[in-house]
Amino acid sequence: MKINRSIVITGLVTLGLGLLIGALFLGGSPNPTVQLDGHEGEGHKLEQTASGLWTCSMHPQVRQPEPGDCPFCGMDLIPLKEESGSDNPKMLKMSNAAIQLANIQTSIIGSGNTKTGLVLNGKVKADERRVNVQTTHFAARIEKLYKNFEGETVRKGDKIAELYSPELVTAQEELIEAKKVEGSNPILLEAARKKLHHWKLSMEQIQKIESSNKPMRTFDLLADYDGIITKKMVSNGDHLNEGGVLLEITDLTKVWAVFEVYERDLKNLSVGQQIDFTTRSVSSQQFSGKIAFIEPVLNANSRVVEVRVDVNNANGALKPDVFLKGKVTMNSESGGLMVPKSAVLWTGERSVVYTKVNEEGNEYFMLNEVTLGDASGDYYQVKSGLSIGDEVVTNGAFTLDSESQLKGKISMMNPRKNTAEASSSGFPVVTLPESKDFKSLVVAPFQKQLGAVATAYIDLKDKMVKGEANSIKSAAVKMKEQLSKVNMSLTKGEAHTHWMAMLNPMDESLKKIEGSNDRDQQRLEFINLSKALINAIESFGTDINNPLYVQFCPMANDNKGATWISKDENIINPYFGDMMLTCGSVESVIGH
C-alpha cells in the first residue's frame, strides 16, 4: 500500500502544534522543580506551590516571593503550602507539622469550684515579740566582754561581761557590815541583800560575798535571755549608766514569714488560712503555717499589704531576710468559668483566648474576645466569651495570634477597629509568650552574651532614673550594640523561636528610645524593653553571679504598672525618677 507523503507531513505538524500548545497552557511538566541557587552540589530541590510564596520553618512569619535564605537565621526557605481555610476572619487553620513545631497545647475548661493557688513573695523576719535588750542595772565600766560579736548564741545565765562599779563595791561593803550585826539587826541585813538582788545579783553571788567577807572588785553580768546576738552596742572600756544597753538578743526559735499581697488579692486571704512556702536556702524542705495577722494599712508606695505567718524555727533553718515563695491553696466559688492564665493574651482592656473548634470535619483555631474577672492563683475568671466544655489553647496562643496577623485575619494585635481610644488610656504593652526554662538548651557563650545585654540595660535604667534624654539615647545605643552581638544561631528549636519573640520587641524599643528626644516617651518605650528582657533572662539565664531583682511599680504607665530589672534590692524607680524615686517593690529575684 502506498503512503501519501502529504498526509504524513500534515499529521506530524498537527502533533507538534498540539504538544506546543499543551506546554504553553498547561505549564509543562506536571511536577516541576526549582533548583535553589548555590545548592546545585547538594541536590536541594523544592517544590513549586500554588501560593508562590516561600517561608522559613523556624520563622513562619517570613513570606518571600522567591526562594532564598531566611533573613533571621539564614536557613533555606521552603515552599509555603496553601491550606484550605475558613472564610471566618477569626478562624485559623494550621498544618499538623506547624502545630507540633509551635507546641500547641489545649485543655477543656469547666465551671465549679476550681482549686487554684495564689503565689506570694515574702521574707523571713524576726518575731518582734522575741527581740530583747540586755542592760546593766547600775552604772559601771566594762572591763571585759565575754559575748562580743553579732550572731553568737546566748543562753540565759551565761556570762555577758565583767563590770566594775564603785556603787556595787559600796553596796557589797554595806552587806558585809550588815552581816556582822545580823544578830542584833536582821532587818538591816535583809535590806542590804534586797538592794543587791534588785541589781540582778543572784542569791548565789550574794551568799558568796557574805561568806568571803570581802567585796568583789568586779562583777560578772549574766544574760537575762536566750537567743542570738543581733546587735552589739558596746566595746571593752565603755562606761554605762544605769539601764545602759549592751546587746540586742533575739530568740529565733520562732520567726515570722511575712508575705506581700497586692490589694487586688486581699479578698482571697483571711486570718487562719494556711500558706505553704519554700526557700532556696533550704530547698529540700517545705514549710507551712496559718495567717496570724493581716496588716490593717496599705503601703501607699508599694500598694501592698503584709500578711504574717508565725513559724516554728527550733532547728534554725529559716534565717532572717531570706526570700520565700509561698502559695495559698483556695477554692474559687465564683460560679464562673476559670481559664489558665497561660491561655490569655491581653493588651490594655482587650483580652483574647484561642479555642480549638471543628467545622465541617476540619479543625480550626478560633479567636475569642473574653471579659475577665478576678485573678485566682494561676487562673482568671471568665465573665463572657467562653462556654463550659470549650477546648482552649493553653500553650502556643501567642504563635497562633502571630500567624493570624500574618494571614490578615483578626488577631489580638489586629482587631480591625479604631484602637486610639484604648491606647490613650496607657502605653500599649507588648504581649509575649510566658517565660520557660530553656537554660539546659543553650550554651554558656549565649548566656554570657545575654549577660552583657543585661549589664548594658542596667546602665540604661540608671540613665532613665536621671531623666536626661541625650544620656538615655547614648545608653540605648550601647545596649543595642550588645544585643546585636547575641548569636541567635546558638539557640535551636523552640528555644530559638522563643528568643526571636523576645529579640524583636527589644530591638524595636531600643530604636524608638534612640530616636526620641522626649524623656517621657523614652521611659514609656522602656516598659516593653524591660518586659522582654526579663522574660529572656528568666528563660535562658546569664553569666551574672549576683541576683537580679525584678521590681514593679503599680503607678507607672497610667496606673497599669510596669516592671524593670535592678542589681540592687532597694527601689530606684526609672519611670518617675526624683518625682517618685522609691515607688515600687521587689516582685521576684532571678539567679538567687
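Heavy-atom basis, side chains included; hydrogens, waters and symmetry copies ignored. Positions are given from 1 along the sequence.
With values rounded to the nearest 0.5 angstrom, S566 atom OG is found 5.5 Å from I458 atom CD1. The structure places OG of S588 at 6.0 Å from NZ of K325, a figure rounded to the nearest 0.5 Å. Note that CD of E306 is 6.0 Å distant from CD of E260, once rounded to the nearest 0.5 Å. Note that CG of L120 is 10.5 Å distant from OH of Y262, once rounded to the nearest 0.5 Å.
The nearest pair of heavy atoms linking V589 to P547 is CG1-CB, 3.7 Å. The two residues L222 and G157 come nearest to each other via the heavy atoms CD2-O, 3.7 Å. Taking each heavy atom of L372 and S351 in turn, the nearest pair found is CD1-OG, 3.6 Å.
Classification of the F540-W499 ring pair by plane angle, with boundaries at 30° and 60°, yields perpendicular. Note on ring orientation: taking the six-membered ring where Trp is involved, the planes of W199 and F138 are tilted (angle from 30° to 60°).
Applying the side-chain hydrogen bond (donor to acceptor under 3.5 Å, both in side chains) test to E434 and every residue at least two apart in sequence or in another chain returns nothing. Not counting sequence neighbours, the partners of D437 by the salt bridge (Lys or Arg N to Asp or Glu O under 4.0 Å) test are K439.
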* Step by step, work out the side chain to side chain donor-acceptor pair (under 3.5 Å) result for Q134 and N132. => CA-CA 7 Å; Q134 179 68 53; N132 303 291; over 6 Å; no
* **side chain to side chain donor-acceptor pair (under 3.5 Å) between S585 and S302, intermediate numbers included** => CA-CA 5 Å; S585 61; S302 62; 5.4 Å; no
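Side-chain contact check for L240 versus V234: some heavy-atom pair is nearer than 4.5 Å.
Taking the six-membered ring for Trp, Y575 and F427 have ring centres at least 6.0 Å apart. With ring centers used as reference points, F323 lies 6.0 Å or more from F277. For Y164 and F219, the ring centers sit 6.0 Å or farther from each other.
Sorted by first and then second residue, the salt bridge (Lys or Arg N to Asp or Glu O under 4.0 Å) pairs with a member in residues 220-248 read K159-D220; sequence neighbours excluded. Among pairs with a residue in residues 179-189, those fulfilling salt bridge (Lys or Arg N to Asp or Glu O under 4.0 Å) read E177-K180, K179-E182, K179-E210, at least two apart in sequence or across chains. The salt bridge (Lys or Arg N to Asp or Glu O under 4.0 Å) analysis of residues 446-463, with sequence neighbours excluded, yields the pairs D459-K463. Among residue pairs with one or both ends in residues 128-142, those qualifying as salt bridge (Lys or Arg N to Asp or Glu O under 4.0 Å) are D127-R129, D127-R130, R129-D310, R130-D251, R141-E143; sequence neighbours excluded.
In this structure, N545 places its CG atom where only 12 or fewer heavy-atom neighbours from other residues, nucleotides or ligands lie under 6.0 Å away. Within 6.0 Å of the NZ atom in K478, the count of heavy atoms belonging to other residues, nucleotides or ligands does not exceed 12. Few gaps surround CE on M216; more than 12 heavy atoms of other groups in view lie less than 6.0 Å from it.
Each of V297, D265, L266 was compared with V305 under the side-chain contact (heavy atoms from CB on, under 4.5 Å) criterion, and only L266 meets it.
Stacking of K156 on the aromatic ring of Y225 is not recorded, the 6.0 Å distance cut-off and the 45° axial limit not both being met.
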